[in-house]
Amino acid sequence: EMVVMCWASQTLKSTVLENMIGYRLVRAPTPIVMVRPSQEEGENWSKERFQPMVRVTPQLAQRHKAKQSTLRYQKFDGAFLWIASSQSEADLSAWSAPIVIVDEADRMQPIPQGNPIEIASRRMGAADVGMLIIASTPGEADSTLIWPYLEAGTFELYHVPCPHCGTMQPLTWKRRLKDGKEEYCLRWRDGARREAIYVCLEGCVIEEGAKPAMLAAGDWRATNPEGRYPSSHLNALYSPFKKTGWRAILEKWDAAQGKP
C-alpha cells in the first residue's frame, strides 16, 4: 500500500506525518523507517521535532527506551524508529520495516545505487502488510521525484465551499475560462495592494478571514479515481498561517515579477 502527499510548505504536512508515527508507536507498535534528505536533516528532525514530541506525549514517553536509543535510532516497546539518510545506501538498507516514510522527496538526489525512494521501499519486502508514504513540498519540474508518484495515484484536491454561494471548489492560483483565457483567482482587491482576495468559480469575492471555516468544511476529491493508490496535492493557498497567507503570497509574487 502507498500514500503520496505532495503538499506545499506550511500546510501541516510534517505534523500529519509525526502524528501518524506517534499513533502507530502507541496503538499498533511496529518498526518504522523515516527517510530524510541527509543525515544532518535527519538528526535535526530528531532533535527539534520528534524527541520533543515524545517528551510531551505521556503515551510515547512511557514506551520510549531512552537508554537503548540514539539520535537516529529511537527504541520503543515492541517497535523502533530508524531515521535514515537518502544519501546513504547503507542507511536505506540497514533495517526492514512494514512502514517506510520518505519525507521531502524532492530535496533528495539519486545515488549510484538508484532512486532512494525505490531503494527504501524494498525494506518493506519482508512485511505481509505494509505502507510506503512519500511526502514532499514539490520542487522543480525537471528534477521532481514525487510528481510521477502523485500522477499515478488518485491525485486528490481539497475542495472547500465558497462562504457566499456554497460552490465546492479547489483553491487554485489561476483558472481557464470558457473563452480559453486564464484569470488569476488570487488578487488584490481593486488593484490596491492592501487586501488580498480570492475570486470563486461563480465570481464571489472571498476574504481571507473566511478561510478557517472553509478549510473545516472541505473534503478531498479525486481527479484520477482509477489511480493505484491515494495521492493528494495541496498548494500554498491552503496554508492556515498568517505569515504564509494570501497577502504574503501576493507580495512574493509582486516582488518576483521581472526576475528570472
Side-chain angles (χ1 to χ4, degrees), residues 2-19 37 102-108 133-163 167-177 181-189 193 195-225 227 229-257 259:
M2 184 186 300
V3 174
V4 175
M5 300 167 58
C6 184
W7 293 14
S9 61
Q10 301 301 316
T11 53
L12 301 176
K13 170 180 62 65
S14 295
T15 301
V16 170
L17 295 176
E18 289 154 9
N19 277 274
V102 180
D103 193 18
E104 295 303 347
D106 271 9
R107 295 218 308 269
M108 298 177 182
I133 301 173
I134 306 172
S136 186
T137 298
E140 298 296 330
D142 59 353
S143 61
T144 178
L145 292 179
I146 196 172
W147 202 262
Y149 294 99
L150 173 67
E151 292 184 319
T154 52
F155 208 131
E156 297 175 26
L157 301 177
Y158 196 67
H159 286 60
V160 295
C162 170
T167 301
M168 296 295 289
Q169 58 200 286
L171 298 179
T172 60
W173 179 246
K174 59 184 177 180
R175 68 172 66 96
R176 187 174 298 277
L177 302 175
K181 297 181 180 180
E182 290 185 333
E183 70 169 1
Y184 288 98
C185 306
L186 187 67
R187 61 187 76 165
W188 296 111
R189 185 191 291 273
R193 299 183 180 183
E195 183 181 6
I197 59 170
Y198 186 91
V199 180
C200 98
L201 281 169
E202 304 300 329
C204 303
V205 173
I206 304 173
E207 298 175 351
E208 188 160 20
K211 188 164 63 170
M214 294 166 64
L215 296 178
D219 58 40
W220 291 100
R221 301 187 182 185
T223 62
N224 180 30
Y229 46 78
S231 68
S232 59
H233 183 255
L234 200 65
N235 64 48
L237 297 179
Y238 293 90
S239 175
F241 305 112
K242 184 176 181 179
K243 289 185 178 180
T244 50
W246 292 349
R247 180 184 178 89
I249 292 173
L250 281 177
E251 287 175 342
K252 288 182 179 180
W253 169 260
D254 287 346
Q257 297 310 296
K259 297 181 180 180

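Fair warning: this is a prediction, and the values are worked out from it, not measured in the lab.
- Note that the CG atom of L171 and the NE2 atom of H159 stand 10.0 Å from one another [nearest 0.5 Å].
- A distance of 4.0 Å separates CZ in F155 from CH2 in W147, rounded to the nearest 0.5 Å.
- A donor-acceptor pair is defined here as one N or O able to donate and one able to accept, closer than 3.5 Å; such a pair exists between the side chain of K211 and the backbone of L237.
- At distances below 3.5 Å, not a single donor-acceptor pair connects side-chain atoms of S239 with backbone N or O atoms of A236.
- You'll find the side chain of Q169 reaches within 4.5 Å of the side chain of Y198, heavy atoms only.
- Scanning all heavy atoms of the two residues, the minimum distance from N224 to E151 falls at ND2-O, 3.6 Å.
- Listed here is the closest heavy atom pair of K13 and A135: CD-CB, 3.8 Å.
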**OP:** Might you work through the side-chain contact (heavy atoms from CB on, under 4.5 Å) test for Q10 and K243, ending with a clear yes or no?
**Re:** CA-CA 9 Å; Q10 301 301 316; K243 289 185 178 180; over 6 Å; no
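- One N or O on the side chain of D106 and one on the backbone of I146 form a donor-acceptor pair closer than 3.5 Å.
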Subject >> Test log, rule side chain to side chain donor-acceptor pair (under 3.5 Å), inputs E156 and T154 >> reply: CA-CA 6 Å; E156 297 175 26; T154 52; 2.9 Å; yes
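- Counting only heavy atoms from C-beta outward, the side chains of Y149 and M2 approach each other to under 4.5 Å.
- Y238 is listed as a side-chain neighbour of P170, based on a closest heavy-atom distance under 4.5 Å.
- Using a 4.5 Å heavy-atom threshold, the side chains of L186 and W253 count as separate.
- Within a 6.0 Å radius of CD in E140, other residues, nucleotides and ligands contribute 12 heavy atoms or fewer.
- Between T137 atom OG1 and M5 atom CE the span is 10.0 Å, to the nearest 0.5 Å.
- Contacts classified as ring pair (Phe, Tyr, Trp, His ring centres under 6.0 Å) and involving residues 205-224 (residues at least two apart or in different chains) are given here: W7-W220, Y158-W220.
- Within the 3.5 Å criterion, the main-chain N or O of G139 finds no donor-acceptor partner in the side chain of T144.
- Remark: N19 CG to L12 CG distance equals 10.0 Å, nearest 0.5 Å.
- Side-chain atoms of S14 and D103, non-hydrogen and from C-beta on, do get closer than 4.5 Å to each other.
- Taking the side chain as every heavy atom from C-beta outward, V160 and L215 approach each other to under 4.5 Å.
- Expressed to the nearest 0.5 Å, how far NZ of K174 lies from CD of E182 amounts to 4.5 Å.
- In terms of heavy atoms, P138 sits closest to C6 at CB-SG, 3.7 Å.
- You'll find the side chain of H233 stays beyond 4.5 Å of the side chain of T223, heavy atoms only.
- Put simply, the residue from R189, R187, R247 that forms a salt bridge (Lys or Arg N to Asp or Glu O under 4.0 Å) with E195 is R189.
- To the nearest 0.5 Å, atom CG of residue L201 and atom OG1 of residue T167 are 6.5 Å apart.
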Original post:
Would M168 and D219 satisfy side-chain contact (heavy atoms from CB on, under 4.5 Å), going step by step from the backbone distance to the final call?
Top reply: CA-CA 9 Å; M168 296 295 289; D219 58 40; 3.9 Å; yes
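- Between Y184 and W173, the ring-plane angle classifies as perpendicular under the 30° and 60° cut-offs.
- N235 places no side-chain N or O within donor-acceptor distance of the main-chain N or O of T172, the cut-off being under 3.5 Å.
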